[in-house]
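Here is the structure we will look at, set down as structure tokens.
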Amino acid sequence: QVQLVESGGGLVQAGGSLRLSCAASERTFSSYTMGWFRQAPGKERELVAAISGGGSIYYADFVKGRFTISRDNAKNTVYLQMNSLKPEDTAVYYCAARRIEAPRPPSDRADYDYWGQGTQVTVSS
């Protein structure tokens, strides 16, 4: 079983920034598609951003221009830099990994094989 461990969440004021990190135990991490999902209370889990092993990147419209996803394969780590945070960004953020490459990063949670425990992000108004 691949382990994914998120960190970097917390409480921040509107307009502030946070950087989330996800560390993976898998030695073939560099070939995996990595995604960041979030789930707010009473809402469905949704894809925020994803990056494939080949470097293809997806952003949800509601974070485009504010968030940046990146990866450091030497450290088996994927990052989500979140700037200009809004109260609507408040959610539990989850790291996910997909083993098999696809033409474009999948957006369905069922397409990902491994999940982290989540990290809470709270943005005050």
### Query
Hey, which of R45, E46, E44 is the one that makes side chain to side chain donor-acceptor pair (under 3.5 Å) with Q39?
R45

### Query
Closest approach of G116 and Y94, non-hydrogen atoms and distance?
O-CD2, 3.7 Å

### Task
Would you kindly confirm whether L80 and M34 end up in one hydrophobic cluster when ILVMFWY residues are joined by side chain heavy atoms under 4.5 Å apart?
yes

### Query
Between R99 and V2, is any pair of side-chain heavy atoms under 4.5 Å apart?
no

### Task
Determine yes or no for a side-chain-to-main-chain donor-acceptor pair under 3.5 angstrom, with E6 supplying the side chain and G118 the backbone.
yes

### Message
How long is the straight-line distance from OG of S125 back to NZ of K86, given to the nearest 0.5 Å?
### Response
14.0 Å

### Query
Distance under 6.0 Å and angle within 45° of the ring axis: does R71 meet both against F29?
yes

### Query
Looking at D61 and K64, does any basic side-chain N land under 4.0 Å from a carboxylate oxygen?
yes

#### Entry: Nearest-0.5 Å distance, OH of residue Y79 to CZ of residue R19
5.5 Å

### Query
What are the two closest heavy atoms between N83 and S17, and how far apart are they?
OD1-OG, 2.9 Å

#### Entry: Aromatic ring pairing F37/Y112, orientation class (parallel under 30°, perpendicular over 60°, tilted between)
perpendicular

### Query
For the side chain of S25 and the backbone of Q3, is there at least one donor-acceptor N/O pair under 3.5 Å apart?
yes

### Task
Determine whether Y59 and L85 fall in the same hydrophobic cluster, where Ile, Leu, Val, Met, Phe, Trp and Tyr are linked whenever their side-chain heavy atoms lie under 4.5 Å apart.
yes

### Query
Do W36 and V92 share a hydrophobic cluster, counting only Ile, Leu, Val, Met, Phe, Trp and Tyr and linking them when any side-chain heavy atoms are less than 4.5 Å apart?
no

### Task
Could you check if a side-chain atom of R38 sits within less than 4.5 angstrom of a side-chain atom of V63, using non-hydrogen atoms only?
yes

#### Entry: Neighbour count >12 (heavy atoms, 6.0 Å) for atom CD, E101
yes

### Query
Is any side-chain heavy atom of M82 closer than 4.5 Å to a side-chain heavy atom of V121?
yes

### Message
Under a 3.5 Å distance rule, please check whether Q81 uses its side chain to pair with a backbone N or O of T68 as donor and acceptor.
### Response
no

### Summary
Rounded to the nearest 0.5 angstrom, the OH-CG distance for Y58 and L47 is 5.5 Å

#### Entry: Interatomic distance, F62 atom CZ to E88 atom CD [nearest 0.5 angstrom]
11.0 Å

### Query
Less than 4.5 Å apart, any side-chain heavy atom of L11 and any of Q120?
no

#### Entry: Cluster check V5, I51: I/L/V/M/F/W/Y, side chain < 4.5 angstrom
no

### Task
Taking the side chain as every heavy atom from C-beta outward, state whether D111 and R98 have any atom pair closer than 4.5 Å.
yes

### Message
Show the nearest heavy-atom pair for residues V78 and C95, with the distance to one decimal.
### Response
CG1-SG, 3.9 Å

### Summary
Note: L4 and C22 closest approach over all heavy atoms is CB-SG, 4.0 Å

### Query
Which pair of non-hydrogen atoms, one from P87 and one from A14, has the smallest distance, and what is that distance?
CD-CB, 4.1 Å

